[in-house]
Amino acid sequence: MTIQERITQAFERRFKSQPTFIVRAPGRVNLIGEHTDYNEGFVLPMAINRAIYLALRPREDRYVFVESMDFGDYVEFSLEEMVRGRHSQWAEYVKGTAWALEESGYALNGWEGVVAGDVPIGAGLSSSAAIEMATARAFSALGNVIWDAAELARLGQKTENQWIGVQSGIMDQMISAGAVAGNALLIDCRWLNVKPAPLPSGISLVILDTATRRELTHSGYNQRRSQCEAAAQHFGVRALRDVTMSQFIAGSAGLDEQVMKRARHVISENARTLQAAAAMRAGDAGEVGRLMNDSHISMRDDFEITRPEIDTMVRIAQTKPGCFGARMTGGGFGGCCVALVDAEQASAFSEAVAAEYTQATGLTPEFYISNAAGGAEIVSNSSVQARS
Ligand code: GLA
C-alpha cells in the first residue's frame, strides 16, 4: 500500500470522512555546499523520492487535529493559542510552522489531518523541513497562504530558529519547497535565486545511510554557526560569503585556530559548490566527484562534523569501481553520505560498500538510489473533483 493510501485509510478511520487534500513535501540530499547556507553562500541540494504526506480536510473553527502514523501519536491545538514545547517533536514542527505563518500575518483556518512519510528521521535527509513544508502546503491548499516557495521556506527556517531552537539555514526548506524534478538546484542563500543543474546522464546518486544518528546536534550545529559569525566579524563582513580564499589567506592572522578552520571550510566550500554546479551543467561527473571528495576532507578536518563511521563509509565508497566521488551530506555528526556513481554499476557498488562497511563497523547500513524529485505540491484535491 502506498503512503497516500495508508493516510487516506487512517484519515477515514479517525475522522469518518474522506480527506479533501493530500499534500506532499520531499526530503533532500545535498550534493555539495555544507554549512554554507547560513553564511549566505551556495548550496547544491536535490529533492529525493522520499517525502512526508499529509491528508487533510478543512475545519470551520481554528483548531488543528493531527495524527502521525509514524509516531503513533495524535495532537490537537488551537491556532488562537500556540504554546511551544507542549507536544512531541513531530507536532512541534506542525505547530511551529502554523505559528510562523500567523506571526507573518496570515490568517489561518483549522484542519484535521493524518501525516506519514518515508524520509528517515535524524539521518540528515531533512525530515523536519519536509514536515514544515508539508504543513505550509496544507495551509496553502486551504487558501490561507499563496504558495511562494522562497517565502514559505523563510518561514520554515523561522520555525527552526525561533520555535525549535536550531539556528539552521534555509537550504532544506528551499529545496523541499521549490525543487525541480530531474535537477539539483544551485541556491544562492543570500538572494534566494535558484538555478537548476541536471545530474550528468548515466549517473546515479546513491545515499548511504550509515545507521548512525546525530547526537547533540543542536549544540554542535549552533556552535559552528557562532564560530562562522565570529570569523565574519573578524573580516569585517556581513557573512563569510563575502570573503574570498585570497582575502582569507591574507587576513586570517589573529583568528582563533578553531574559528580559522571553520572559516576555511566555508570559504573553500562556497567555491567548490559553484565549481560543482558548473561541472554538472558541463556533464563532467569526474569533476563533480573530485569536488565532493575535497568537500568531505574539509568537513572532516576543518569543520569537524564527521564521525568515524561516516569517514569509514566515505573511504570505502570512494575506492569502489564506478564511484566518481563521495562525501557526508547534511548537518553532520551522523546520518548519511552521498556518492556519485555510474548508473550501471550502482547496485553492485551498493552491495560491495554495504558488505565492507558492516565488516568494518558492525553496523547494517541502508542505501537509497534516488532520482531528483519535484518540490512540495498538492497531490490530490477532491474539492476540485467535486466541483467539476
Ligand atoms: C542542516 C541545516 C541546513 C544546513 C545543513 C548543513 O541540514 O538545516 O540549513 O545548514 O545542515 O549544510
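Scope of the values below: all heavy atoms of this structure, side chains included, with no hydrogens, waters or symmetry mates. Counting starts at 1 for both ligands and their atoms, following the listed order.
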Subject >> Glu269 side chain near Ser295 side chain, heavy-atom distance below 4.5 Å >> reply: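 Yes, close enough: below the 4.5 Å cut-off.
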
Subject >> Structural part of Arg28 in contact with ligand 1, heavy atom criterion under 4.0 angstrom >> reply: side chain

**OP:** Specify the protein heavy atom at minimum distance from atom 11 (O) of ligand 1: its residue, its atom name, and the distance to 0.1 Å.
**Re:**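 For atom 11 (O) of ligand 1, the nearest protein heavy atom comes out as Gly331 CA, 3.2 Å.
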
Original post:
To the nearest 0.1 Å, how far is atom 1 (C) of ligand 1 from its closest protein heavy atom, and which atom is that?
Top reply: Asp172 OD2, 3.6 Å

Please say whether [X] places an N or O atom under 3.5 Å from an N or O atom belonging to ligand 1.
X	answer
Tyr221	yes
Glu34	yes
Asn30	no
Gly330	no

**OP:** Over 60° means perpendicular and under 30° means parallel, so classify the ring planes of His35 and Tyr38, tilted if in between.
**Re:** perpendicular

Could you pull out all donor-acceptor pairs under 3.5 Å where a side-chain atom in residues 42-57 meets a protein atom, sequence neighbours excluded?
unit_1	atom_1	unit_2	atom_2	d
Asn49	OD1	Ser370	OG	3.1
Asn49	ND2	Asn371	OD1	2.9
Arg50	NH1	Asp118	O	2.7
Arg57	NE	Glu112	OE2	3.0
Arg57	NH1	Ser17	OG	2.6
Arg57	NH2	Glu112	OE2	2.2

Original post:
Does ligand 1 have an atom under 4.0 Å from some heavy atom of Met328?
Top reply: no

Enumerated ligand 1 atoms positioned under 4.0 Å from heavy atoms of [X]:
X	result
Met171	4 (C), 5 (C), 12 (O)
Gly169	9 (O)
Ser168	2 (C), 8 (O), 9 (O)

Original post:
Charged N to carboxylate O under 4.0 angstrom, Arg224 versus Glu304?
Top reply: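 No.
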
Original post:
Strictly under 6.0 Å, is that where the ring centroids of Phe367 and Tyr357 end up?
Top reply: no

**OP:** For Glu132 and Thr159, work out which heavy atoms get closest and say how close.
**Re:**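 Answer, listing the atom of Glu132 first, then Thr159: OE2-CG2, 4.3 Å.
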
Subject >> Atom pair CG/CD of Leu208 and Glu366 - distance to nearest 0.5 Å >> reply: 11.5 Å

**OP:** Return the set of residues passing side chain to side chain donor-acceptor pair (under 3.5 Å) with Arg190 (not counting sequence neighbours), or none when no residue passes.
**Re:** Glu40, Asp242

Subject >> Nearest candidate to atom 3 (C) of ligand 1, where distance is taken over non-hydrogen atoms, out of Asn161, Ile175, Val166, Asp37 >> reply: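 Comparing heavy atoms across Asn161, Ile175, Val166, Asp37, the nearest one to atom 3 (C) of ligand 1 lies in Asp37.
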
